[in-house]
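For reference, the structure is listed below as structure tokens.
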Amino acid sequence: MSFELTPFIAEILADIQSIEDDAGIYQEVHFNARANAIDFIDFHVIDRINGLLSGGPNTALESAKKRVETAKNLLEKIDITLFKRLREQISSGAYPEGFFKDLVHKYLGDEASPAAGKAGYDNLDAFVNGLLSNQPLPEASIPRDPEMVFYQQTPARIIFELAERAASSENTFFDIGSGLGHVPILVNLLTGAKTRGIEYEPAYCDYAAASASQLNLANVAFINTTAQNGDYSEGSVFFMYTPFEGLMLQQMLEILKTESLKKPIRIFTYGPCSPQVARQGWLSCVNGPADDVYTLYEFRSLIS
Ligand SMILES: C[S@@+](CC[C@H](N)C(=O)[O-])C[C@H]1O[C@@H](n2cnc3c(N)ncnc32)[C@H](O)[C@@H]1O
């Protein structure tokens with residue numbers, strides 16, 4: 001071991017010891033603390049070890065890396081067991097109204113509350129990603145038109161906000177461009193609403209349908225079609241996390257305009273599509289100028 005590395009290795013070993021000694025993170029209920037510890041292991045301890053190892057092999061660092069990876073595996077196994085049990089509980093259907101909100105609160109505490117202005121992904125996403133499915137992530141299998149946007153999931157706290165503002169059990173909710181299906185599944189679990197996901201990519205659609213079926217969610221369905229060919233006759237609330245842009249988005253908005261002449265509808269948007277939606281003369285945004293990509297906007301029709 002070279003002389004200069006000694007203090008760094010001592011610090012790394014102290015960090016690892018503090019993770020191993022933190023009894024709280026090994027208790028199933030402390031998901032949040034465990035998620036923070038896993039992030040710390042990845043981005044502080046392992047990254048640091050790898051950085052030091054890039055200068056040449058070192059036995060003490062290699063053994064510290066193995067030790068911290070063992071600690072990480074142990075923490076991840078606790079989550080895998082937790083999520084498996086929760087999936088079984090959801091799929092049994094034996095849970096009262098409000099169960100899902102309480103469940104999230106139990107494992108994440110205040111981290112689970114929607115926080116205005118808080119952008120990006122956090123422990124709530126880690127919880128939702130682990131809970132909703134244990135399938136390997138699918139690869140896209142067909143080419144995309146240039147106006148179609150690649151898959152990126154809506155941050156979980158935005159989906160919670162959407163569920164709170166948009167849906168009730170009387171609504172039929174559509175996610176246009178539903179990807180791996182988190183939005184329809186979570187909105188159903190949080191509100192009981194009938195939900196539908198429309199997705200162009202068959203591999204994503206199959207994944208989403210398998211997740212809903214694993215959770216035994218009878219009121220959630222995924223339809224594999226291009227959004228412009230979808231059947232929206234039963235829809236009352238529509239969500240778009242920028243599935244496409246330009247003419248394709250304009251075409252979709254014309255379809256929703258036609259729907260709005262038949263019944264009252266609400267449209268929620270997130271991401272870069274919001275300004276184009278805000279330019280439609282037949283729509284009015286109820287919460288601001290729709291110019292911020294990190295804000296969930298709600299639009300109502302002026303012509304229905
Ligand atoms: C930004 S992602 C949003 C995913 C999902 N709504 C979520 O929040 O987790 C956009 C999704 O729209 C899908 N998409 C793009 N163009 C589409 C089209 N014409 N019809 C249906 N889905 C489309 C993409 O495959 C991708 O999964």
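Counting convention: from 1, in listed order, for ligands and their atoms alike.
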* **Top protein contact for atom 13 (C) of ligand 1, by heavy-atom distance** => Glu199 OE1, 3.3 Å

* Polar contact flag, side-chain donor to acceptor under 3.5 angstrom, Asp175-Ser178 -> no

* To do: Return the residue, atom name and 0.1 Å-rounded distance of the protein heavy atom closest to atom 16 (N) of ligand 1.
  => Met148 CG, 3.3 Å

* Can you name the nearest heavy-atom pair linking Val220 to Arg196, along with the distance? -> C-NH1, 3.8 Å

* To do: Just need the protein heavy atom nearest to atom 19 (N) of ligand 1, so name the residue and atom and give the distance.
  => Thr226 OG1, 3.1 Å

* Structure fact -> ligand 1 to Val183, heavy atom cutoff 4.0 Å, flagged ligand atoms 7 (C), 8 (O)

* Asked: What residue and atom, counting heavy atoms only, is the protein's closest point to atom 24 (C) of ligand 1, and at what distance?
  -> Val149 O, 3.3 Å

* Asked: For ligand 1, is there an atom lying under 4.0 Å from some heavy atom of Leu180?
  -> no

* Does the side chain of Ile158 reach to within under 4.5 Å of the side chain of Tyr241, using non-hydrogen atoms? -> no

* To do: State, with a plain yes or no, whether a side-chain heavy atom of Phe222 is found less than 4.5 Å away from one of Ile185.
  => yes

* Asked: Should the proximity of His182 to ligand 1, defined as any heavy atom under 4.0 Å, be assigned to the side chain, the backbone, both, or neither?
  -> neither

* Asked: Considering only the protein, which heavy-atom contact is closest to atom 1 (C) of ligand 1, and what is its distance?
  -> Tyr241 O, 3.3 Å

* **Over 12 foreign heavy atoms within 6.0 Å of CZ, Phe8** => no

* Asked: Between the candidates Gln152, Arg144, Glu147, which shows the shortest non-hydrogen contact distance to atom 2 (S) of ligand 1?
  -> Gln152

* **Pairing of Lys262 and Glu259 as salt bridge, 4.0 angstrom limit** => yes

* Asked: Is atom NZ of Lys84 surrounded by more than 12 heavy atoms (other residues, nucleotides or ligands) closer than 6.0 Å?
  -> no

* Closest candidate by heavy atom, reference atom 18 (C) of ligand 1, pool Phe244, Tyr270, Tyr151, Phe239 -> Phe244

* To do: For ligand 1, indicate whether the residue Phe150 contacts it via side chain, backbone, both or neither (heavy-atom separation under 4.0 Å).
  => backbone

* To do: Report the part of Gln228 in contact with ligand 1, treating N, CA, C, O as backbone and CB onward as side chain, heavy atoms under 4.0 Å; options are side chain, backbone, both, neither.
  => side chain

* Asked: Is the closest side-chain heavy-atom distance between Met252 and Met248 below 4.5 Å?
  -> no

* Asked: Backbone, side chain, both or neither: what part of Ile159 comes under 4.0 angstrom of ligand 1, heavy atoms only?
  -> neither

* **Shortest protein contact, atom 15 (C) of ligand 1 (heavy atom only)** => Pro243 O, 3.0 Å

* Indicate yes or no: does an N/O atom of Ser178 lie under 3.5 Å from an N/O atom of ligand 1? => no

* Asked: With no hydrogens and no angle check, do the side chains of Ser211 and Gln135 hold a donor and an acceptor under 3.5 Å apart?
  -> yes

* Evaluating non-hydrogen atoms only, which member of Pro155, Ala227, Pro184, Gly177 is closest to atom 11 (C) of ligand 1? -> Gly177

* Structure fact -> the protein heavy atom lying closest to atom 8 (O) of ligand 1 turns out to be Thr154 OG1, 2.3 Å

* Asked: Tell me, which protein residue and heavy-atom name are nearest atom 23 (C) of ligand 1, and how many Å apart are they?
  -> Tyr200 CB, 3.6 Å

* To do: May I ask you to test the Pro57-Glu62 pair for a side-chain heavy-atom distance under 4.5 Å?
  => yes

* Structure fact -> Here the atoms of ligand 1 under 4.0 Å from any heavy atom belonging to Asp175 are 5 (C), 6 (N)

* For side chain to side chain donor-acceptor pair (under 3.5 Å), just list the numbers for Thr172 and Ser236, CA-CA rounded to whole Å, side-chain angles, deciding distance to a tenth of an Å, and then say yes or no. => CA-CA 5 Å; Thr172 298; Ser236 48; 5.2 Å; no

